[in-house]
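Working notes, structure below.
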2 protein chains.
Amino acid sequence: MPKTNAKTKETEHLPEIEIFKEYIRRKGLRFTPEREIIVREIFEIHDHFDVDELYLRLRNKGKKLSKASIYRTLPLLIDCGLIQEVYHEDGHMHYEHVYGHEPHAHVRCLECRKVEEFTDHRIKEIEEHITKEFGYRLTGLRFELLGYCPDCLKKQYRP
Amino acid sequence: MPKTNAKTKETEHLPEIEIFKEYIRRKGLRFTPEREIIVREIFEIHDHFDVDELYLRLRNKGKKLSKASIYRTLPLLIDCGLIQEVYHEDGHMHYEHVYGHEPHAHVRCLECRKVEEFTDHRIKEIEEHITKEFGYRLTGLRFELLGYCPDCLKKQYRP
DNA sequence: ACGATAGTTGCATTTCTTTTACAATTACTA
DNA sequence: TAGTAATTGTAAAAGAAATGCAACTATCGT
C-alpha cells in the first residue's frame with residue numbers, strides 16, 4: 001500500500017477541474033460528462049492510481065464509462081500538467097497527481113512492495129542546476145529509490 | 001538517440017560475465033550458451049537498450065536465440081545487480097547497465113526525445129539521507145527529469 | 001567419462017495492457 | 001437551433017511479456 005508522506009499543502013491553487021476546463025477550452029476540445037467524471041474521480045484519489053483501479057472505482061459508483069475513455073483522457077491530464085506517469089509496475093502504468101505537489105522521491109521496498117514518498121530540498125537544487133547549467137526547461141520529474149525498508153530488514157527478509 | 005555523459009570509469013571491477021556466472025552458481029542455475037551470448041551482447045551495448053534492439057543485434061550477428069530467452073534472462077541480470085529497468089517508453093521497457101556506474105539522473109527532452117545523463121553529488125547525498133534517517137537499505141535508483149532541451153527551446157518548438 | 005536429473009530452450013500460445021477503426025452520439029459555436 | 005467536428009462505446013487489433021510443453025542439455029555424483 002503506497003503511503004504518502006510528501007503531500008503538499010493542497011491550499012492556494014485552482015481546483016484541478018478548472019485547470020482541466022481551461023486546458024480543454026484552449027485546445028478547442030470538448031468538456032464532456034465522461035471527462036468530467038474521470039477527472040473528478042482521479043482527484044478524489046489521494047494516492048497513486050492505475051487505469052484499472054480508476055475504472056473499478058467508477059463502476060462501483062455506478063458510473064458506466066469505458067476504459068477507452070479513461071485511456072483517452074489520461075494523456076490530456078498529463079499534457080495539462082495535472083498528473084504524470086510515475087512508474088510502470090505489474091505490467092501497467094501507475095499515475096500520480098502533480099499539480100500542487102512538491103517534487104518528491106519515491107522509495108520502494110522490493111520486499112513488501114510499499115512505496116513511500118520523501119521530499120528533499122536537494123531535489124529542487126538539482127532541478128535548478130540542470131536548468132541553469134544546461135539550459136533545459138524542466139516540466140516534470142520522476143525519482144525512485146529502490147531497496148529494502150527498515151521493517152523488512154528487521155524481519156530478516158534480507159540479511 | 002540517448003547520449004551518455006555520466007559513464008563511470010569502467011576500470012577496477014570484475015567483468016560483468018564473471019559477476020553473472022557467480023550469481024548463476026550461487027543460485028544453482030545453469031550457465032548456458034544462450035545466457036552467455038545474451039549477457040555478452042548486453043555489455044557490448046554502451047547505452048540504454050530494449051528487448052527488441054537486443055534481439056535484432058543478436059540476429060544480425062547470426063545468433064539465433066528466442067526472445068523468450070531474453071525475457072527470461074533479463075530478470076536474472078536485474079536480480080544480480082548488473083542492469084536495471086530504467087524507463088518505460090513506446091510501450092516497452094528500456095534497460096541500462098548499473099554495475100560499475102555511478103548513480104545519475106536522466107534528462108529527457110519531450111520534443112526531440114533525446115535522453116542525456118547527468119551526475120550530481122546531491123543524488124548520493126539524498127541516498128545517504130534516506131539510508132541514515134529512514135533506515136532503508138538502497139539497492140537502486142531511477143531519476144528522470146522531463147523537459148525541453150536548449151536546442152529545442154532555441155528552435156522555438158516551445159515558446 | 002557417463003548417466004541421471006533438474007534446469008533451460010524454442011515454439012506456439014496466452015494473457016494483458018493500450019490503441020484504434022467505426023458508427024452513433026453530442027458539445028459547442030454562430 | 002442547426003451544423004460540424006469532436007467524442008463515445010464497442011469490438012477488434014496491436015504489441016509486450018509471460019508461459020505450457022516437449023525436446024534438449026549443463027551439471028554433479030559416481
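We use all heavy atoms of the structure for the numbers below, so side chains are in, but hydrogens, waters and symmetry mates are not. Predicted model only: the values in this text are computed from it and were never measured. Chain identifiers are assigned alphabetically (A, B, ...) following the order of the sequence lines, protein sequences preceding nucleic acid strands; residue numbering begins at 1 within each chain.
Look at T32(B) and you won't find any side-chain N or O under 4.0 angstrom from OP1 or OP2 of dG7(C).
Residue whose closest nucleotide on DNA chain D sits further toward the 5' end, between V51(B) and K64(A): K64(A). Where I24(B) and K67(B) each meet DNA chain D at their nearest nucleotide, the meeting point lying more 5' is that of K67(B).
Here the C1' atom of nucleotide dA14(D) and the OH atom of Y71(A) are 13 Å apart, to the nearest Å. Spacing between atom CG of L74(B) and atom P of dT9(C) amounts to 12 Å, rounded to whole angstrom units. Atom CG in D90(B) sits roughly 16 Å away from atom C1' in dA17(D) (whole-Å rounding). The CZ-C1' distance, from F31(A) to dT8(D), rounds to 16 Å in whole Å. The interatomic distance linking Y55(A) (OH) with dG9(D) (C1') rounds to 10 Å, in whole Å. Atom CG in D50(B) sits roughly 9 Å away from atom P in dA16(D) (whole-Å rounding). Taking atom CZ on R59(A) and atom P on dG9(D), their separation rounds to 11 Å, with Å as the unit. In this structure, the NE2 atom of H92(B) is 18 Å from the P atom of dA14(D), given to the nearest Å.
With salt bridges taken as basic N to acidic carboxylate O contacts below 4.0 Å, one links K61(A) and E44(A). Between E34(B) and K63(B) there is no salt bridge, since no side-chain nitrogen of the basic residue lies less than 4.0 Å from a carboxylate oxygen of the acidic one. Salt-bridge check for E128(B) with K124(B): failed, with every basic side-chain N at 4.0 Å or more from each acidic carboxylate O.
Below 30°, between 30° and 60°, or above 60°: for H94(A) and H92(A) the angle between ring planes is below 30°, a parallel geometry.
Residues F31(B) and I17(B) have side chains in contact (heavy-atom distance under 4.5 Å, counting atoms from C-beta outward).
For dG10(C), its base sits under 3.5 Å from the side chain of R72(B) at one donor and acceptor pair at least. Between the base of dA6(C) and the side chain of R30(B) there is a donor-acceptor pair shorter than 3.5 Å.
Nucleic acid contact class of R35(A) (heavy atoms, under 4.0 Å, all strands): sugar-phosphate only. Across all strands, P75(B) comes closer than 4.0 Å to no nucleic acid atom at all (heavy-atom distances).
The listed nucleotides are dG9(D), dA27(C), dT19(D); the one nearest the side chain of S69(A) is dG9(D).
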